[in-house]
Structures are given as C-alpha cells and as structure tokens.
Visitor: 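Below you will find the structure I want to go over with you.
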Amino acid sequence: MKKIVSLVLVALIAVSCVMGLASCGGSGNTDSKAEVKELHMATNAAFEPYEFYKDKKIVGIDPEMAQAICDKLGYKLVIDDMDFDAIITAVTTGKADFGMAGMTVTDERKKKVDFTDSYTTTTQVIIVNEKDNKVKSADDLETATIGVQRGTTGDVYVSDLEKAKIERFNTGPDAVLALTKGKVDAVVIDGQPAKAFVKKNKGTKILSDPFAEEDYAICLAKDSELTAEFNKALKELKKDGTLDKINAKYIKE
Ligand code: ARG
C-alpha cells in the first residue's frame, strides 16, 4: 500500500513539474529576482514599538507590517530613516513610495497625500515627571512648557494653546530627555511610544487621561495605484490574524 502511495506521489510530482505547476528545485524562475521592484518606506525610527533600532536594524510593528504587505504584493522592502517632518515630502516628491511611521490620518495631511485604511487606533497622552505636579491634567497644559516631536499631531494640538510655551524636538526621545532634565513640564506624544519612553526613564509617568483619539495609516502619493493594492493586502493581513500577531509581539500588555 505504502509503495503504491509513494509511486502515485512521484508520478504526480513529475506531472506537475512538466506542467510547470510546482517549482521543482527552483530552476524555473531564476532570473525573476533581479526584476523584483523595490518599494521605499519613509519612516522615523525613534518610536518604539512602531519603529526603532534593535542591533542596528530597524524593527517594530510598522516594518513588520510593511514587510508582510510587500511579501504579499511581491515587492522588495527598503526602509529609509529620516526626520518625521520629512516623510510626507519624501512621499510627495517620489523619493519614497510610501510613509509608515505611526502616522496619524489628518485632514491637513490628506491635502498632500492619500492614506490607506487605518491599521491602528490610538491616543495622545501626556508624560510628566513623577515628582512635579505642575501638570496634573490636560487643562494644566495651557500655561506649561511643553515638549513635542516636531511636525507630529502632538505638536499640532499644543500649538493651539496660546499661553503655552512649545519646545519642538527632532525625535520623541529628545523631548523626553528634556523632560527628565526639567527643561519642559510635559511631553505630549502617542500612547504606546509613551509607555516605552516611561519604561526607559525612571521618574516619569503618563497622566491617566488621554486627550485625543487618532487613527494610524500608511500614506502614499496622491492617486497612487499602490493605495488599492496596499488596502487589499492590509485587509487580508487583518483577516488572517497577521496584524494581531505583530501587535502582540511588540505590545505586551
Ligand atoms: N502619530 C503622530 C503623528 O502622526 C506621531 C508620529 C511620530 N512617528 C514617528 N515615527 N516618530 O503625527
């Protein structure tokens, strides 16, 4: 019986080789590798758990999701690290094919780029020094010195506060460093990165009331044909549990 089964199997494999159904040792498509199109992703890799350096490599939820999307669509992913406020220009000028950086969908940005469907909902939070009680709630921001990452939604929100003094930094970690040195009273930043920053900086804490809800999505050039492809891949990765799995890998609680 076993013999018959294996004979049938061998025959089947041989037939599919001839018909080109199986790869049969990979001799068929050897030269297609050179033709794989690269997609450049613009990001700002100082934003754990979404993108950050680990052993000199950029890792996190966004690179893994981008890799899964590129694998599905047959592109080679290349990650370009830059200032956060350079990402949209990189995309609009074609230097990058898409931007993925824990980027919030806003009407202002939509004037310049298109966004995919959202892949995460999150909040903006306030980080303060544990010992300092100048800022106890969002209302106290009105008269505080506030640190933000330049060009982020945190920056946009606090820029509306007429009496507040705003210090803009290149990265989130720079803003948090200024907080630990007492140069600013509070930092306004996204919830998950805030948790990572507080974990690394003893004596800081997140205030309990988050004050703005936001959606993260991938941005692409206006009318890019890639957007529909990305949305299709994103939908499948949500459905088959890949997105949940990647989130669970980087967000432990
Ligand atoms: N969600 C915020 C925004 O879109 C902050 C994103 C910052 N991302 C980063 N990779 N540094 O403005």
Side-chain angles (χ1 to χ4, degrees), residues 40-54 57-67 77-92 95-127 138 141 146-161 166-179 184 186-201 206 210-220 246-247 250-251:
H40 283 254
M41 159 176 154
T43 197
N44 172 248
F47 207 60
E48 189 177 347
Y50 290 96
E51 43 269 325
F52 58 104
Y53 281 88
K54 196 174 178 199
K57 212 180 147 235
I58 298 174
V59 297
I61 294 168
D62 290 343
E64 287 210 23
M65 274 303 285
Q67 188 61 59
L77 175 67
V78 182
I79 300 178
D80 299 335
D81 189 15
M82 61 187 73
D83 284 342
F84 182 76
D85 64 352
I87 295 174
I88 290 195
T89 314
V91 171
T92 56
K95 262 195 210 143
D97 298 288
F98 67 100
M100 192 169 189
M103 187 181 279
T104 306
V105 179
T106 70
D107 288 340
E108 207 47 42
R109 289 174 182 162
K110 274 192 196 162
K111 289 180 192 160
K112 297 182 190 151
V113 287
D114 284 347
F115 281 98
T116 60
D117 298 331
S118 170
Y119 62 93
T120 293
T121 302
T122 186
T123 50
Q124 289 288 313
V125 298
I126 302 165
I127 310 178
L141 288 177
I146 311 164
V148 292
Q149 181 178 18
R150 186 178 297 108
T152 59
T153 45
D155 184 356
V156 174
Y157 294 133
V158 300
S159 295
D160 281 347
L161 306 173
I166 318 300
E167 299 280 355
R168 297 179 176 82
F169 298 89
N170 272 338
T171 68
D174 288 348
V176 176
L177 185 68
L179 174 70
V184 298
V187 168
V188 173
I189 204 150
D190 306 43
Q192 285 302 336
K195 282 187 191 166
F197 294 141
V198 165
K199 215 168 165 189
K200 283 191 182 143
N201 291 279
I206 298 172
F211 68 91
E213 229 180 60
E214 307 188 321
D215 288 320
Y216 286 173
I218 302 166
C219 72
L220 298 106
I246 294 172
N247 275 325
Y250 288 97
I251 300 173

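First listed ligand is number 1; within each ligand, the first listed atom is number 1. Here the structure is a predicted model, which is why all the values come from computation and not from measurement.
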Visitor: So Y50 and Y216, would you call those rings parallel, tilted or perpendicular, with 30° and 60° as cut-offs?
Guide: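 Ring orientation of Y50 relative to Y216: perpendicular.
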
Visitor: For E64 and I246, indicate whether the former's side chain and the latter's backbone hold a donor-acceptor pair under 3.5 Å.
Guide: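 No.
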
Visitor: Verify whether one side chain among D190 and Q124 offers a donor that lies under 3.5 Å from an acceptor in the other.
Guide: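 Result is yes, a qualifying pair exists.
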
Visitor: Can you pull out the closest protein heavy atom to atom 6 (C) of ligand 1? Residue, atom name and distance to 0.1 Å, please.
Guide: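 Result: G102 O, 3.3 Å.
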
Visitor: Just one of D62, D97, I218, D81 clears the side chain to side chain contact (heavy atoms under 4.5 Å, CB included) bar with M41, so which one?
Guide: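 With M41 as partner, side chain to side chain contact (heavy atoms under 4.5 Å, CB included) holds for just one option, D62.
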
Visitor: Do any heavy atoms of G172 fall under 4.0 Å from ligand 1?
Guide: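 No; G172 lies far enough from ligand 1 that no heavy-atom distance drops under 4.0 Å.
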
Visitor: Considering only the protein, which heavy-atom contact is closest to atom 5 (C) of ligand 1, and what is its distance?
Guide: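 Scanning the protein heavy atoms, the shortest distance from atom 5 (C) of ligand 1 goes to D190 OD1, 3.4 Å.
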
Visitor: With heavy-atom distances below 4.5 Å as the criterion, would you say the side chains of M82 and T43 are in contact?
Guide: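 Counting from C-beta outward, M82 and T43 never come under 4.5 Å.
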
Visitor: Could you find the nearest protein heavy atom to atom 11 (N) of ligand 1 and give me its residue, atom name and distance?
Guide: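 Protein heavy atom with the smallest distance to atom 11 (N) of ligand 1: N44 OD1, 2.8 Å.
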
Visitor: Quick check on contacts: which atoms of ligand 1 are under 4.0 angstrom from a heavy atom of Q149?
Guide: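 Answer, ordered by atom number: 7 (C), 11 (N).
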
Visitor: When you look for heavy atoms under 4.0 Å from ligand 1, do you find them on the side chain of Q192, its backbone, both, or neither?
Guide: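 Neither; nothing of Q192 gets under 4.0 Å from ligand 1.
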
Visitor: Which class fits the ring pair F52 and Y250: parallel under 30°, tilted 30 to 60°, perpendicular over 60°?
Guide: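 Correct class here is perpendicular.
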
Visitor: In ligand 1, which numbered atoms sit nearer than 4.0 Å to a non-hydrogen atom of Y216?
Guide: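 The atoms of ligand 1 under 4.0 Å from a heavy atom of Y216 are 1 (N).
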
Visitor: Does Y50 come within less than 4.0 angstrom of ligand 1, counting non-hydrogen atoms of the residue?
Guide: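 Checking ligand 1 against Y50, which is what was asked, there is no heavy-atom contact under 4.0 Å.
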
Visitor: Are a donor atom and an acceptor atom from the side chains of R168 and S159 found within less than 3.5 Å of each other?
Guide: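 S159 and R168 do have a side-chain donor-acceptor pair below 3.5 Å.
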
Visitor: For atom 8 (N) of ligand 1, what is the closest protein heavy atom, and at what distance to 0.1 Å?
Guide: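 In this structure, atom 8 (N) of ligand 1 has A101 O, 2.8 Å as its nearest protein heavy atom.
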
